K.L.:
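Dumping the structure here so I can ask a few things about it.
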Amino acid sequence: MGPISPMDEKRFIEELRGASGPMRALILSITQSPADLDDIQQETSRALWKKIDEYDPAEPFLPWALTFSRFQAMAWMKKKGREDRKLRSFAVESIESAILRNAEEGKEGEIAHLSHCVSKLTERQRDLLHRRYHLGYSIPEIATLEDKKSSREALYKTFQRLHQTLLTCLERQRKQDTA
Amino acid sequence: MNESEIQKLERWLLELEEGSISASDRADLEDCIEKDPEVADYVASRMVLVAGLADLDESILDEASRKIITLPGSSEPAPTRQWSRWIFGGSAAALLVALGTLFLFRTEEESLKLVYYPNERSGLSTTVAQKDPMEEPFVAIANRGSKNHPELAASAVALVEPVLPELPKTVDYNDHIRPILNQNCLACHGGVKKSGGISYLFPEEALAQGKSGEYAIIPGDPDASEMLYRITTDDEVDLMPPSDHHDRLTDHEVALIERWIEQGAKFSDHWAFLPLEKPEVPEIDAAETPIDAYILKGLKERGIKPTPLADRYTQLRRLSLDLTGVPPTPEEISDFIADESPDAYAKQVDRLLASPLYGERWAAMWLDIARYSDTKGYEKDSSRDVWLYRDWLIDAFNRDLPYDQFLTEQLAGDLLPNATRDQIVATAFHRNTMNNTEGGTNDEEFRVAAVMDRVNTTFESLLGVTMNCVQCHSHPYDPIRMEEFYEVYAIFNNSADADRNNDFPILKTFGRESADEHAKLHSDFRLTLESIRESWGSDPKHAENVKAWKAEVRAAYEDSWRPLKDAEVEGSAGTAFQVDGKGVWTAETQPEISESISLTLAEAKEARKIYAIRLELLPLEGEEAGKYTYADSGKAVISSLWVERFRDGTGKKFPPTRFDSNAGEAGYEAQIIRDSRNIISAWKATAESGNPWAVGTYNTPLELEPGDQVRLRISHAYPGAREEVTARFRILVCEEDRFPFRRHLDDAALAMALPELRVPQDVFYEPREISLLRSGAFSHPLGKQLLSQHGALKKLETTPVVVMQELEEKYRRDSHVFVGGNWMIHGDKVEPGAPASIAPWKDEFLPNRLGLAQWMTSRENALTARVAVNRFWEQLFGEGLVITVEDLGTMGAKPEYRELLDWLALDFKTHRGWSMKGLLKDIVMSDAYRRSSEVTPELLAADRANHYLSRGPRFRLSAETIRDQALLASGLLSDKMHGPPVMPFQPEGIWNSVYNKQQWETSKGDDQYRRAVYTYWKRSSPYPSMLAFDATAREVCSPRRIRTNTPLQALVTLNDPVYVEAATALAKLMEEQPGELEKKLNHGFLRVLSRPASDTDLDMLRSAYQDALSESDETLALTFVARILLNLDEALTKS
C-alpha cells in the first residue's frame, strides 16, 4: 500500500455523489420525512467535509458516510422532538447494513433508472406519487381530495403496488444494464 | 417474502411515513427488520426508491408540465451495444484466441451450421456467429427474472407461434379459448382469486351467476353474456381486463370468444388429461414406421421436405451416445460398417439396449428426477447412504423393469405384498428429500417440507404438472384444487421418517458382492427356521410358554418399583416441587420455559444396585389425562435425561443400556443416543395408552456404595417445545436383579410382550423366533444353529440405505389443508386422494402410496404415459414433443404432433407393456430419428427450430456423456459397475464440510475413471466440471435440464485434468497404432468422432501436429492433436 494521500475536493465530490442514494435512503429510514431530506443531506455533506481529515482514504467511503448520515438524522429527529417516532436503533442498524449490502451488490446505481420507470406509469399513478412525495399529502388526505373517490384502503393498496412495480422495474433495468 | 408479506410490510411503511402506525405494528415491523435480512433488504431498496421519488424532477410526475418536457434520456442501454459487449468482452474473446486452431479448423465447414442453429438452444459451443439476440426468444426470457414462472413459458411459446388471423369455423375451447383465458383472465378469475365470484377454471363456476347478478357466459347468446360486454366496453371502470395493468383483448380474441359463446360455449378438458384413444395412423406410403407416418404427414401439410437418412457412421454414433451414453469403439464401428444385412441397424439397436452401459446412461437421467444426492442438503449437508438406490436404478433399466412397475416400486415398493429387499431399496426414490440437521431447526417443519417435496416431485417429474403453486392456493391455470394437493400430501404424510439426524428409517442390506453368499445362507436359515416353527407350532406347551413369558416381561416392566421420595428436587429456574406419599412430585408453580429439573437422592446408607429407572409422567392435579404440562398442547417434551453418580465429590454419568417408553409421537420415541452421555433424545410424551412412562434398563447395574449420591436431571431444551416442561412426575427404581432387565431383549421381543411400547420397527421383517430365542427364555435343539445363521446373515447386511417405511396404523397422522400453504395453520381435514381432473380415484385404490401408484398407472390416467414418452423423446431429440417436459398442463407448450405423442403413449402402455427398451426401440428405428441433421437455408426457413422434425437431432451432449466419452475414447474408462460413489479429481479447496471432517479424497486407481453416474454428489457443492455442463445441484427434482452455452465449458474440456489425462492416454493409443502418421491421426479421430477422417480433416490434423512437433517431441505433438480432437465441436455434439 502506498502512502495515504489526503482526499482532495474532487474525489470527495465524486464519492459523495456515489454515496448520495444510500445516504438519503438511510436518512429517510430514520426521519420518514421526504420533504426534509434535502436539508438533512446537505447538513450531512457539510459535516463530512468538515471531518474529512479523519477519513482514511484506504477505507471504503460509503460506511463512513452512512455513519454520519445516521447521526445527522438522529440529531434532526431530536431537534424536532420526534424521537418517539423513529424506529428503534437495532432496526435502523439492520436497514443500514442492508443498504450497504445492496450497494456492494451494485444496486446503488439502480435509482438512475427511476425516471424511465416512472415514465411507464399511467397518468393517475404519476399524479398519486406527485401528491404524496412532492406535495406531501398523506393517504387519507389524498383519499378525500381525489375526484374519483377511491377508498383509503384502495389507495393504500395502490401505493403498495406502485412501489412494487417501481422496484421490479428498477431491478430489471439494472439487470439489463449488467447483463 | 411472499406477496402478502410484502403487502403487509408496505402498509406498515406507509403508515410509518404518515406517523399513523400503531405501537404494536411498529414493534412487529422492527422485529421483522431485525430478524429477517430479506425484510431489511426490501426496506432498504424501498427507502432508496422513496428518496429517489422525492428527488425526482417535479415535471416528471406533475402531468401538467410533463407534456411539454422531454423525458431525460432513457438510461436503458441499446440492445446492440449490450450484445457486442457480450461477444467481444472478456473471457469469450480470450477464449477465441486460446482456441484459435480449433475454431479455424472447423470454421470452413461448420460456420454455416452455426449460423443456422441459433434457436435450437443446442448449446453450440461458440459465439462466433450469432444473430441479433433480440430475435431470440430465450434471450428475451433470460432478461425477465424467474425462468420458471408460467408467464414466461407462455410468452416463449407465444413468440414461437404466431397467432393466425382468420377465425376458425368451429371454435375449440382448448385450442382457441383456453389460451386467451390463461393469458388474460385467470390471474383474477381462476384458482387463486375468484374476483366478482367468477372463475373460468371449472365450467360449473364459469357458467354460474357472478356477484353482480349477471351471468358471465350465457351459452348461445353472446349479446346477453356479461363477459362479452366487459371485454368490449369503452367504460373504463367496467372494462376487463382492467386497463391499468393489462392490455385490451385484440379484436381477434374478442371475435373468438364471441363465436365460442355463440356456438354454445363448450368447455373441454385439457388435452393431456384426456384418456388415450387409439389415434388413426395416417397412411403415408413413404413411412417406415407409424412415427414416420405422423411426421411425414405433418411435414407434407407444411410443404417441408425432410432430410435424407444420416450416413451410417453418424447413425451409429448417435445411437450409441443415446442408448449407452458413450460413442462406439472402433471395433463396433467396423463391425457395423461391414454388416451389409438389411437389419444391420436393428441389430445394433438390440446390442446397445442389451449393453450394461445402457442402465448407467438412463439411470444418470433419472437421478435428476429423483433429486439424488450423496448428501443430505441444507446447512450441514453431510453424507447420506443412498447409493444402493442408484444401483437399483441401473439394474432396473438394464433388466427393463416395466415402467408401471418401475414407478410403483419407487413410490411404494415397501407396501407391495411380500416386498423384497430390492423393492424396499427402490423406495429410496422419495428419501432423496433433504434433511435439515442444523442445530435448532424444527424437525417437524422440515419433515413437512420433505413431504411437500414428495408431492411436488411426483407431479412435476412423473406427471408433468406443476403442483407447488397448489400448496398455497388452487392451481391458477390447471383444474387442480387446493384440497387435492393435500389429498396427495395425506398419502405421503404417513411415512416414518421425520427429519431426524440419523436419517431413520434405514435398511441395512447385503452388498452386491455378497449376494450369492447371502442367498445361500438365507435358504439354509429358512430351512432351520421352518423346522423350529414346525416343532414349536405342533407343541401345545409352546403357546403357553410364550404367554407366560409375555406376562413375566410385563410384570418386570410394571411391578417391583420403589418410588424415590427421599430426594431433593428443584428446578433450574427455582421452581419448587413437593412430594406426596406415593412419591409424586408436583411443581408448586408453573415452571419456566426450558426449565430443567434435577433430583438428587439422599446419600446411600448401604451398598445398593440399581437395575432400572422408571420415569412416569402424571397429569396436573385436577386435569384430565393428557395434560402433563402447563403448555397448551399438554404434551411433555423431554430433550434429555441424565443419570449421574457422585462419589467422593466427583460425578460420573451412567446412562442406562436401553430405553423404552409406552408413548411418544412418531419419530420422538425415547431412545438412547449412544455416543453421548445423554440418555433420552427428544421424547414427546402423549397419552396414547395411559400415562406415559419410560424405563431405562442397565445391563450392568448402577452400583452405589455407602455415601454415594445419584442425581437425575430432566431437561426440556428441545427447540420448538420449550414450554412443554414436565410439571408432575414420579421416578422409580428397580433394585432387584429381575428378568428381563439383564437379558438382551430386542425391539421385536419387547413389542411382542408389550404391544403398547413405542419401539422403532425394523424396516425388514425379522422372524419372531429369533427374538424369542435371543431372550434366553426359550430354547430349541436347532436354536443355536438358527441364531448363528442369523448372525452370519446380519454380518453380510452392512450396507445402509435410507428407505420409506409406513407408520403403523395406531400412529397414523391426520392431514389437513395448510391455510395459505402455512404448515402451522390447519384447515379442513383431508383424506388420501389425487386430482380428479387427471384421473378418477377409484374405490379399489389403497389409501396410501401404493394406491397413488395404482392411480398413476391406471387405465384412466393418460398423463403418466404421455409424460414418460415425452421425456424419452426429449432425451433422444433434444426437445420433447411437448417442449416443456415438466409441464404438460395448460400452461405447457403446445405439441406439434399431439397425435404422435398419444400414439406412442398408448403403444407404450398397451402393446409394449410399459417396456422402456421397447419404447426406445420404436423411436430409434424411425426414419425421423435416423435422419441427417444437415440443414439448408430453405429448410431452416421452413423449420427453424426443428419443431416439425424435418431433420435429425443435433445438440450438445450431456455433462455425463461428455466425460464418459472422453474416458472411453482414450481407453481410460473403467467398466466397474455399482458400488459406493467415487471421487474423481477435483481441484483442491472446493468444499469443506462444517461440523464433520468430510473431505474430497480423490479416489485411487480405476475409481478415478468411473462413469460420471458414480461421482459423489454433494448438494451444496456439486462436481464442478459437470455443473459447467448444466448438471443441477439436485436439491429438488429437475425434470428438464436446459442446455446453456458458456465459455466455462471450453475451459473444462481444455484444462480439467480428466480431459488432459484423456488426451495423454488417447495420444498413447494413437502412437501405438502401427504405420504412418496418417494412420495414427485417423485412429484418434475415429475413436473420438466415430468416423474416418476426410482428407481435409487429415490435412488440418497433420498441420497441427507439425506445428506442435516443431516445439516438442512426437508424443507431445500427438497429445496436442488428441486435445484438439476431444475439444472439437463435433466431439461435444450429437449430430
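All chains are named by letter (A, B, ...) in the order of the sequence lines, taking the proteins before the strands, and each is independently numbered beginning at 1. As the structure is a computational prediction, the values presented were derived from the model and not from experiment. Just so you know, these numbers use all the heavy atoms, side chains as well, and skip hydrogens, waters and symmetry mates.
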K.L.:
Do side-chain atoms of B:Arg26 reach the backbone of A:Lys86 as a donor and acceptor pair under 3.5 angstrom?
P.N.:
yes
K.L.:
Against chain B, label A:Ile139 side chain, backbone, both or neither, depending on which of its atoms sit under 4.5 Å from a heavy atom there.
P.N.:
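When you check distances to chain B, atoms from both the backbone and side chain of A:Ile139 fall under 4.5 Å.
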K.L.:
Determine whether B:Ser45 and A:Asn102 make a side-chain contact, defined as any pair of heavy atoms from C-beta on separated by less than 4.5 Å.
P.N.:
yes
K.L.:
Within this structure, what is the CZ-CG distance for the pair B:Arg46 and A:Leu28, rounded to the nearest 0.5 Å?
P.N.:
8.0 Å
K.L.:
Is A:Asp84 close to chain B through its backbone or its side chain, or both, or neither, when contacts mean heavy atoms under 4.5 Å?
P.N.:
backbone
K.L.:
Charged N to carboxylate O under 4.0 angstrom, A:Arg132 versus B:Glu18?
P.N.:
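Between B:Glu18 and A:Arg132 there is a salt bridge, with a charged N closer than 4.0 Å to a carboxylate O.
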K.L.:
Out of A:Leu170, A:Leu167, A:Leu129, which one racks up the most heavy-atom pairs below 4.5 Å with chain B?
P.N.:
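Option with the greatest count: A:Leu167.
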K.L.:
Need one label for A:Arg88: side chain, backbone, both or neither, based on atoms under 4.5 Å from any heavy atom in chain B.
P.N.:
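Both parts, heavy atoms under 4.5 Å.
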K.L.:
Taking B:Leu56's backbone N and O only, do any of them form a donor-acceptor pair with A:His134's side chain (distance below 3.5 Å, no angle check)?
P.N.:
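At least one qualifying donor-acceptor pair exists.
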K.L.:
A:Ala25 and B:Ala44: which non-hydrogen atoms are nearest, and at how many Å?
P.N.:
CB-O, 4.3 Å
K.L.:
Specify the closest pair of heavy atoms between A:Ser94 and B:Ala40, including all atoms of both residues, with the distance to one decimal.
P.N.:
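Scanning both residues, the minimum pair turns out to be O-CB, 3.8 Å.
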K.L.:
Report the distance from atom NZ of A:Lys157 to atom CD of B:Glu10, rounding to the nearest 0.5 Å.
P.N.:
13.0 Å
K.L.:
Relative to chain A, which segment of B:Leu29 carries a heavy atom at a distance below 4.5 Å: side chain, backbone, both, or neither?
P.N.:
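Looking at B:Leu29, just its side chain touches chain A.
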K.L.:
Going through the distances and angles, do A:Gln32 and B:Met47 end up as a side chain to side chain contact (heavy atoms under 4.5 Å, CB included)?
P.N.:
CA-CA 9 Å; A:Gln32 303 297 337; B:Met47 289 299 167; 3.9 Å; yes
K.L.:
Given 3.5 Å as the limit, does a donor-acceptor pair link the side chain of B:Glu34 with the main chain of A:Ala91, or not?
P.N.:
yes
K.L.:
For a 4.5 angstrom cut-off between non-hydrogen side-chain atoms, does A:Phe90 reach B:Lys35?
P.N.:
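A side-chain contact is absent here, since even the closest heavy-atom pair is not under 4.5 Å.
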K.L.:
Heavy atoms, side chains only, cut-off 4.5 Å: are B:Leu53 and A:Leu166 in contact?
P.N.:
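Touching, per the 4.5 Å side-chain cut-off.
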K.L.:
Please look at A:Leu121 and chain B and tell me whether the side chain, the backbone, both or neither of the residue comes under 4.5 angstrom of a heavy atom of that chain.
P.N.:
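No part of A:Leu121 comes within 4.5 Å of chain B.
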K.L.:
With heavy-atom distances below 4.5 Å as the criterion, would you say the side chains of B:Leu13 and A:His163 are in contact?
P.N.:
no
K.L.:
In the structure I gave you, are the side-chain heavy atoms of B:Asp55 and A:Leu37 within less than 4.5 Å of one another anywhere?
P.N.:
no
K.L.:
Check the pair A:Tyr156 / B:Gln7 against side chain to side chain contact (heavy atoms under 4.5 Å, CB included), numbers first and verdict last.
P.N.:
CA-CA 9 Å; A:Tyr156 273 114; B:Gln7 276 185 16; over 6 Å; no
